[in-house]
Colleague: 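If you scroll down you'll find the structure; I have some questions about it.
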Amino acid sequence: MIKLKINGRERSFDGDPEMPLLWYLRDEIDLTGTKFGCGAGLCGACTVHKNGEAVRSCQTSMKDAAGKSITTIEGLSPNGQHPLQKAWMEANVPQCGYCQTGQIMQAAALLKKNHKPSDKEIDDAMSGNICRCGTYQRIRSAIHAAGKEMA
Amino acid sequence: MSDHIENGLVENGVVENISRRSLIGGVFSAGALVLAARILPEEAWADTNEYHGKAASSALRPSIYLGIEPDGTIYIVTHRSEMGTGIRTTLPLVAADELDADWSKVKIEQGIGDKAYGDQNTDGSKSIRGFFEAFRESGASARMMLVSAAAKQWNVPESECAAKFHEVVHTPSGKKLGYGALATAAGKLPVPKPADVKYKPKSEWRYIGKESKIADLADICTGKATFGMDIKRQGMLYASIERPPVMGGKVQSFDDKAARQVKGVSGIETIDGFKPPYTFQPLGGVAVIANSTWAAIQGRKKLKIEWNNGENAAHDSEQYRKELLTTARKPGKVVRNIGDVDAAFAKASKTVEAEYYAPLLAHATMEPPVAVAEFKGNKVECWVPTQNPQAVQDTVAGALGLKPEDVTCHVTLLGGGFGRKSKPDYVAEAAILSKKQGGKPVKVVWTREDDIKFDYYHSVAGMYHKAALDSNGKATAWLHRSVFPSISSMNDASSMYGFDVEYGMGLNDMPWDLPNHRAENGPAKAHVRIGWLRSVANIYHVFSGLSFADELAHAAGRDSLEYQLEMIGPGKIIDFKSQGVANYWNYGESYEKFPFDSKRLRHVLEVAGEKSGWGKRKSGNGWGLGIAAARSFTSYVASVVEVEVDKAGKIRIPRAWQVADVGMVINPERVRSQFEGAAVMAAGIGLTGEISVADGRVQQSNFNNYQVARMNQAPMQTDVHIIESTALPGGVGEPGVPPFVPAFANAIFAATGKRVRDLPFSKTKLV
Ligand code: FES
Ligand code: FES
């Protein structure tokens, strides 16, 4: 039996310990804000926080998640008002929106460490997250804006 | 609901009163106003079911797209699919504006697949072009009916009443009634005849032309938005399908013992391959059914399948490339002819020729294809991220021997579309499996590998250009040959040539005002599924055509912008008929309404030159600007790309400019976002986009080997400049792609002196 905490809530799981956290979140406990994009750690759509660090949930097995505290987009902010979410809405970042929860989770981990990232630091932190609609320049400006608010 | 309310339906521009019950069996409450759209054939209304949402049963219902409830809530149906363009918000804004509605009281409903809504195929950048007028008319008609109802109630002339922000006001007395209070009475009035509909003056527009937030913004940012991938039904099973690795291949035999042992796997089913032509039929294969996506994928890995690969097993991209380019050296089918190109070449002081190549591309929507279907009582209900729910109905019905109206298609948000999701093979798979599983709902999830290996690929093309220059370097003749496996292979297995749609995208509509010009198309057979991808044949035609224009400028020792303007000439409405273009396609629009006006093309080029500081800094030493312009989807766009190429040959795009004349703009913010996004997609096409085939099998599998632009490869900044225009709205989603690719290639030439004639650029050593 694997025990873990998801968005502050204790959960237990007794299925295949090799199953990626992504599918547990999506198929088993209906937290579908975390997206499937590649299943191979190449796109970032599935990004969540594991003990505060951004990780790809498609590359994190349930075994690896055992005993950890996981935060998904649903748990990032109780009312959807994380500075990044506000900045995202202000800058009208999303197009189709599918990649955006992963982008926000990745950016949240960056800003936790660094409220004033440079363009280069943002590019380095965010280039693992693909947006096929091409919203990158707005993502970059929203991160700058949210960083200012958090500073 | 009440059955005495009469509302209008207009067929062929004529208003007809029909009872609401005969319209749609409804969801709007008694006493709501609902308007019937004017663009629909009458038989479209025969179908009734309970899935049409609140808009379908409102007290006031001036069209199928709009209903007003007695509580003042306005329901507006978007029948077009939301894949990132903002259309789900933009079309309702148009109706709400004419209605002078309070946007906070508008609820948007997503239309199911139903031909009653008119065309629902959300591609071709045509939602606004095709439905701006219908939505505007819906809103205006509702407004007039509300005013009329108020005037009757107050017993005053209509001319003394006006609609103002969700209320009708009697101007002399200041009396007011809300839209909700008037809805029931207004719903009993006839819908105004089209000729009598009065529109707001532009100066009173509340939403059109202003910045508006998309309706799904907060849901997207909090993870609450529902995409197709997020659908779950009670008792739903998950399926992952192993498909024939070669197009047209069949399962010869298979061993599923190991797959069945995987925990969670509950069934194995086969799906037949398509009967040629491939159309939207499933590719066939073996499906593993399980209680989670993961278990289905794990089970699938354990399948042992022997394939009969069929006739495409020897297909090889390297070999095919040679064939396309060899064919492009030979005369083809003439699709446009002005003057005498051959005579001009014979007496030219200089000729220039070049071969260009552009590979297959995959759509790679961020959300891979996915569908949930439930087969129940000889009917199918499905939940799908689809660009074309009516094609879903037809395709699923075709696969299961049902009638299209027995298929209900709910449309979710789409995690990207780009043309992939207007081809519903993946929905047929889900429906077939649900039926085989005794009607349990089945979700078919395509992995990224499935998506990249089994796409309807954007076509590969080999092109040949030759031009004649006179002693002053002026172009006097141009021959443009293009050879590509056609999208028409989808419906015709023997197809060898392109068709008007592909010709009209950059082959027979080059804007040059030259005395001699000939465009030709040579034969090629398809060995993979070919389909349309954002901006379609424009990608390879405009890439090669506008790169070659830059080559000519260079050969003539002239500035490229100046040279392109000279070749376009002073600007005019191009008369394609007199130039040997038998059926100029014009993106499905009438030429009278949307002519090719090369003055508008000149203008975007000139503005792009100004905005980008063209000609102010000397190119070379690893820095350069490139420029190109094209009309597509009835819009005119010029792109300028700035590149830096470092000593290692690594390309950066510090900045890009997109200047767009798309006619009238509804939501400028969403227009800008589309042009920013198009720049990113086009940058990826230029840099790394390539699908290749060996032994009939697609070589790429995921984002490691099919690379799309990431943040550190995309333009650092794209400035979008929208030309103010009162022309009819043109396309927005696609036209930002075509000119960007050659502008990018031209910038690389400016920076490095290397002419890149092959896409993607990563195949060429730049330094
Ligand atoms: S789905 Fe996990 S990185 Fe793409
Ligand atoms: S918004 Fe569509 S993939 Fe990023």
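Scope of the values below: all heavy atoms of this structure, side chains included, with no hydrogens, waters or symmetry mates. Here is how names work: the chains are called A, B, and so on, in the same order as the sequence lines, proteins then strands, and each is numbered from 1.
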Colleague: Do the side chain of R132(A) and the main chain of G417(B) share a donor and acceptor less than 3.5 angstrom apart?
Modeller: no

Colleague: Using a cut-off of under 4.5 Å on heavy-atom pairs, state which of A709(B), A714(B), S673(B), A225(B) scores highest against chain A.
Modeller: S673(B)

Colleague: Quick one: what part of I104(A) sits under 4.5 Å from any heavy atom of chain B, side chain, backbone, both or neither?
Modeller: side chain

Colleague: Contact part of R140(A) toward chain B, heavy-atom cut-off under 4.5 Å: side chain, backbone, both or neither?
Modeller: both

Colleague: Within a strict 4.5 Å, meaning less than it, do heavy atoms of the S266(B) and Y238(B) side chains meet?
Modeller: no

Colleague: Is a salt bridge present between K263(B) and D16(A), judged by a nitrogen-to-oxygen distance below 4.0 Å?
Modeller: no

Colleague: Determine whether D64(A) and Q59(A) make a side-chain contact, defined as any pair of heavy atoms from C-beta on separated by less than 4.5 Å.
Modeller: no

Colleague: Are any of the side-chain nitrogens in R420(B) or D455(B) under 4.0 Å away from the carboxylate oxygens of its partner?
Modeller: yes

Colleague: Using heavy-atom distances under 4.5 Å, tell me whether T718(B) contacts chain A through its side chain, its backbone, both, or neither.
Modeller: both

Colleague: Among A218(B), A364(B), A678(B), single out the residue with the greatest number of heavy-atom pairs under 4.5 Å to chain A.
Modeller: A364(B)

Colleague: Does the side chain of R56(A) come within less than 4.5 Å of N129(A)'s, by heavy atoms?
Modeller: yes

Colleague: Find the one option among K213(B), Q674(B), M83(B) whose heavy-atom pairs under 4.5 Å with chain A are most numerous.
Modeller: K213(B)

Colleague: Chain A heavy atoms under 4.5 Å from V445(B): which part of the residue, side chain, backbone, both or neither?
Modeller: side chain

Colleague: Indicate the ring-plane relationship of F36(A) and W23(A), choosing parallel, tilted or perpendicular according to the 30° and 60° boundaries.
Modeller: tilted

Colleague: Does any non-hydrogen side-chain atom of I214(B) lie less than 4.5 Å from one of R88(B)?
Modeller: no

Colleague: Please identify, among I139(A), I130(A), V93(A), the residue contributing the most non-hydrogen atom pairs under 4.5 Å to chain B.
Modeller: I130(A)

Colleague: Specify which of K120(A), E18(A), E28(A), M89(A) makes the most heavy-atom pairs with chain B at under 4.5 Å.
Modeller: M89(A)

Colleague: Under a 4.5 Å heavy-atom cut-off, does chain A meet the side chain of L414(B), its backbone, both or neither?
Modeller: backbone

Colleague: V708(B), T293(B), N712(B), L217(B): which one forms the most heavy-atom pairs within less than 4.5 Å of chain A?
Modeller: T293(B)

Colleague: Hey, are N51(A) and E53(A) close enough side-chain-wise for a donor-acceptor pair under 3.5 Å?
Modeller: no

Colleague: Among D119(A), D30(A), T72(A), L22(A), which residue has the highest count of heavy-atom pairs closer than 4.5 Å to chain B?
Modeller: D30(A)

Colleague: Taking every heavy-atom pair that is under 4.5 Å apart, which of M236(B), R534(B), E211(B), M716(B) has the most such pairs with chain A?
Modeller: M716(B)

Colleague: Between D123(A), T135(A), D27(A), who has the most heavy-atom pairs with chain B when the cutoff is under 4.5 Å?
Modeller: D27(A)

Colleague: Quick check on the interface: out of G80(A), G97(A), S127(A), who has the most heavy-atom pairs with chain B under 4.5 Å?
Modeller: S127(A)

Colleague: Less than 4.5 Å to any heavy atom of chain A: does that hold for the side chain of R672(B), its backbone, both, or neither?
Modeller: both

Colleague: Less than 4.0 Å between a side-chain N and a carboxylate O, is that true for R670(B) and E82(B)?
Modeller: no

